[in-house]
Amino acid sequence: MEEASQSQLEDIFTSLLTKKPIFRNREVMRHTYTPDNLPHREKQIKQLASILVAPLRGELSSNIFIFGKTGTGKTAVVKYVTNGLKKMGEEMERNIDVSYINCEVIDTQYRVLANLAPEFGAEVPMTGWPTDQVYKLFFKAIDSQERFVVIVLDEIDKLVKKGGDDILYNLTRINNDLNNAKVSVIGISNDLRFTEYLDPRVRSSLSQEELVFPPYNALELQDIMWQRAKVGLEPGVLSDGVIPLCAALAAREHGDARRALDLLRIAGEIAEREESPKITENHVRAALDKIEKDRIVEVVRTLPTQSKLVLQAILILEQRGEGVITTGEVYACYENLCKKRSFEILTQRRVSDLISELDMLGIINARVISKGRYGRTKEIRMASSIDRIQQILNMGV
DNA sequence: AATCCACAGGAAGCCCGGGAAC
DNA sequence: GTTCCCGGGCTTCCTGTGGATT
């Protein structure tokens, strides 16, 4: 390292002293933050409020089904309106409870009930009990006093995919048996075709009211970012093209506000680290790259051993570069790999599932193709840089 | 038109580790 | 301790299938 001369040191001090911060309030720039007003969602807010006003009048509110892709403000609007509902409930001395459950994490009937019950004062272990016992306890707890209960099930499609629609069936019918309490359910889903998998009775009962959240267009995304930037960033740190660029990039991904805000925040963090006085379009592009890289690194690093072996097999085949890779080839290579490193060998059926999982994680591309006489298989390709993934793989195992 | 490949992917059920209850 | 539950990973067995080849 070079020796810093006196004048260089002075430069460092002055630059540190004069260094202007980028962020005023970093929290505001996160997509998890719920702002005071939600631009371009006035219609949905009004709709939702007009349904949820029922408990304030002492009536049972309809069940609601909410559709819309990721980052269209579904969760934000629901939280916003239900918060307001709770506050109004307190003012009017009505007993209103709102329970929010994210079904991506809590994805079985048992876990949903075990998470709901404690909110009404019934302690339930996270495992061990029969499900119907938990249900009974939950039922009793909820009916112990007169109240309105709104249960929000976010990412409800995940729940149904794994746990079936039994809970929904029970929850939507629960009012028939309750004496004191009244329950309504808000289901949030980003899979538009998801109701097809539901029992018709559940479907009709759950979608008494339906709300659709269309994607934001680029201009609306800009509005959202401007509004956040006003509070979250120092004035004057934004170069002209930055917000339009973030909006354009996010609009390309079906108008995802979450993505737009992440881009802007990460770009800000990169600018901060570079000690740049302004966020530039290049920072945004760097942010785009960083988000994707970080995601891949994290996913690959935390992959279970067997998935890593399958991925390694695909990598080896890809590097050999002998045309299209199929499930059979991957399995053969994987078998070798396991033998060489003395790991247990799973069946091809299981490996086929692991390949599909890797596809869903976006590390590889796998699509089903038919080679006519030569059967049906998956055509497998790497989705991103082979070298980088090999590096991450080398660190583990 | 019939055949037939190389799998896809559903269904059922096993095993195990978590835990509760008795 | 034994016996009961749950869920996740996995195997076994299975039926289904698009389209080149016969």
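What you are looking at is a predicted structure, and each value in this text was computed from that prediction instead of being measured. In the text below, chain A, chain B and the rest are named by the order of the sequence lines, each starting its count at 1.
- Contact annotation: A:Ser352 reaches the phosphate of B:dA8 (side-chain N/O to OP1 or OP2, under 4.0 Å).
- Remark: A:Arg30 is not positioned above the aromatic ring of A:Tyr33, lacking an NZ or CZ atom under 6.0 angstrom from the ring centre and at most 45 degrees off the axis.
- Regarding contacts with the backbone of B:dA6, every side-chain N or O of A:Thr326 stays at 4.0 angstrom or more from both OP1 and OP2.
- One atom, CD1 of A:Ile369, and another, P of B:dC7, lie 10 Å apart when rounded to the nearest Å.
- In this structure, A:Gln348 reaches the sugar-phosphate backbone alone: every heavy-atom distance under 4.0 Å involves primed, P, OP1 or OP2 atoms, never a base.
- Under the 3.5 Å distance criterion, with hydrogens and angles disregarded, a donor-acceptor pair is assigned to the side chains of A:Ser99 and A:Glu119.
- In this structure, OH of A:Tyr374 is placed 9 Å from C1' of B:dC5, rounded to the nearest angstrom.
- Distance A:Asp166 CG to C:dC6 C1': 14 Å, rounded to the nearest Å.
- Not one side-chain nitrogen or oxygen of A:Thr327 sits closer than 4.0 Å to the OP1 or OP2 atom of B:dC7.
- Between the CD atom of A:Gln306 and the C1' atom of C:dC10 there is a distance of 10 Å, rounded to whole Å.
- The nearest whole Å value for the distance from the CG atom in A:Asp353 to the P atom in C:dT11 is 10 Å.
- Distance CG (A:Leu346) to C1' (C:dT11): 10 Å, rounded to an integer number of Å.
- With no hydrogens or angles considered, a side-chain donor-acceptor pair links A:Tyr334 and A:Gln306 at under 3.5 Å.
- Summary of the strand contacts: A:Glu329 and A:Pro125 both lie near DNA chain B, and taking for each the nucleotide with the nearest heavy atom, the more 5' one is attributed to A:Glu329.
- Of the listed nucleotides (B:dC4, C:dC5, C:dG7), B:dC4 has the atom at the smallest distance from the side chain of A:Arg373.
- Dashed line: the shortest gap from a side-chain N or O of A:Trp129 to OP1 or OP2 of B:dA21 is under 4.0 Å.
- Figure legend: A:Arg349 and A:Tyr331 shown without cation-pi pairing, the cationic atom not lying both under 6.0 angstrom from the six-membered ring centre and within 45 degrees of its axis.
- Within the 4.0 Å cut-off from OP1 or OP2 of C:dC10, at least one side-chain nitrogen or oxygen of A:Arg350 is found.
- OP1 or OP2 of B:dC7 has not a single side-chain nitrogen or oxygen of A:Lys378 nearer than 4.0 Å.
- For the side chain to side chain contact (heavy atoms under 4.5 Å, CB included) with A:Phe148, the qualifying choice from A:Val183, A:Ile96, A:Val98 is A:Ile96, the only one to do so.
- For the pair A:Thr108 and C:dG7, the criterion of a side-chain N or O lying under 4.0 Å from OP1 or OP2 is met.
- Closest contact between the side chain of A:Thr347 and the listed nucleotides C:dT11, C:dG16, C:dC6 involves C:dT11.
- Distance A:Arg111 CZ to B:dG19 P: 13 Å, rounded to the nearest Å.
- For a distance-only test at 3.5 Å, the side chain of A:Arg349 qualifies as a donor-acceptor partner of the base of B:dG10.
- Heavy atoms of A:Ile345 sit under 4.0 angstrom from primed sugar atoms or phosphate atoms, though from no base atom.
- In this model, a donor atom of one side chain and an acceptor atom of the other lie less than 3.5 Å apart for A:Tyr100 and A:Asp154.
- Summarising the geometry, the separation between CG on A:Leu113 and P on C:dC5 is reported as 17 Å, rounded to the nearest angstrom.
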